[in-house]
Protein chains: 2
Amino acid sequence: MPDETTFTERELDVMSILWRLGSGTVSEVRAELPGEPGYTSVLKFLQILEEKGHVRHEKEGRAHRYFPTVAAEEAGRSALGRVVDKIFHGSAELALARLVEERPLSRGELARMRRILDELAAEEEEEQ
Amino acid sequence: MPDETTFTERELDVMSILWRLGSGTVSEVRAELPGEPGYTSVLKFLQILEEKGHVRHEKEGRAHRYFPTVAAEEAGRSALGRVVDKIFHGSAELALARLVEERPLSRGELARMRRILDELAAEEEEEQ
DNA sequence: CCAGGCATACGAAACCCTTCGTAAGATATG
DNA sequence: CATATCTTACGAAGGGTTTCGTATGCCTGG
């Protein structure tokens, strides 16, 4: 069974930073974490994430550099699926309605979002 | 401080059922929960949710009927905001791209989703 | 080569979540 | 009114998460 990509609160904080930076050492990740956790706490988070298979590391000088092994896209798909199922009864439409009112969208972003749906509709048309 | 509407795994299971049914007694909720939890477990979930202010109850016969005090829309907005922030670096566009590929969309649902964005774009146009 | 300092490893404390067992309260029926 | 039954109330066990303290390992500069 391919284990569902789900993260605890703190694990998600750490993964979020790794996805944004691409990779990170304990110090780098720690600098971005809210709440000023201790150095060894951050190390432990990364060790647990590695044990669970969500990150890997390479040696770099005397430290370790950690890389995500699961892409943000995959984790995002999984998270959105859970939200849609549990909160919106499986309706992507309802989810979109909340998504667009959740924060202000720039004109450009809205245009690109419309294009995503336009292209999807065109594909469906085609393979009718 | 308005407490962030966040739920644990099991709490979300229960809230999901209450949102879908509108309300529920312990027995009704229990019948919908996966994993066949014990009766008193479900009771405890509801009591904890009430303590946290996420549900309230009314007396009905000898039992209690529980109602959500937080709307699915509000919880959904909050959950989507967290996903967009933590996983998609604040990009609603990236979130939409994953949302539409996460499950098959019916022709009608896609059309309604396009309409949501069309109307939003029209509004922006207008208030330029 | 040796020491100072940075990094990892390990384990444990504190806390929260999940689950249920037992006791006590209330309701309907004979 | 008594009792069987359904329901709530309370507390606690077990497991996972978060956090850090202490011990140990290892580059790097002098």
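Residue numbering restarts at 1 for every chain, and letters A, B, ... go by the order of the sequence lines.
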Classify the nucleic acid contact of A/Thr8 as base, sugar-phosphate or nothing, counting any heavy atom under 4.0 Å across all strands shown.
sugar-phosphate

Answer with base, sugar-phosphate or nothing: what part of the nucleic acid does A/Thr40 contact at a heavy-atom distance below 4.0 Å?
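Base, at least one base atom sits under 4.0 Å.
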
Over how many whole Å does the gap from [X] atom [atom1] to [N] atom [atom2] extend?
X	N	atom1	atom2	value
B/Arg10	D/dG16	CZ	P	15 Å
A/Leu43	C/dC10	CG	P	11 Å
B/Arg65	D/dT7	CZ	C1'	14 Å
A/Glu9	C/dC15	CD	C1'	15 Å
B/Glu60	C/dA26	CD	P	18 Å
A/His57	C/dA7	NE2	C1'	12 Å
A/Arg30	C/dT8	CZ	C1'	15 Å
A/Leu33	D/dT18	CG	P	11 Å

Look at the side-chain N and O atoms of [X] and state whether any lies under 4.0 Å from the OP1 or OP2 oxygen of [N].
X	N	value
A/Gln47	C/dT8	no
A/Tyr39	D/dT19	no
A/Arg62	D/dT28	no
A/Lys59	D/dC26	no

By nearest nucleotide on DNA chain D, pick out whichever of A/Pro37 and B/Val26 is the more 5' one.
B/Val26

Kindly indicate, with the supporting measurements, whether the criterion side-chain hydrogen bond (donor to acceptor under 3.5 Å, both in side chains) is fulfilled by A/Ser23 and A/Arg65.
CA-CA 7 Å; A/Ser23 72; A/Arg65 174 164 296 278; 2.9 Å; yes

Quick test of your reading of the model: are [X] and [Y] salt-bridged, counting only N-O distances below 4.0 Å?
X	Y	result
A/Arg82	B/Glu9	no
A/Glu32	A/Arg20	yes
B/Asp118	B/Arg115	no

Distance-only donor-acceptor test (3.5 Å): side chain B/Lys44, base C/dG21:
no

Begin from the C-alpha positions of B/Leu49 and B/Phe7 and carry the test side chain to side chain contact (heavy atoms under 4.5 Å, CB included) through to its verdict.
CA-CA 9 Å; B/Leu49 279 167; B/Phe7 301 99; 4.2 Å; yes

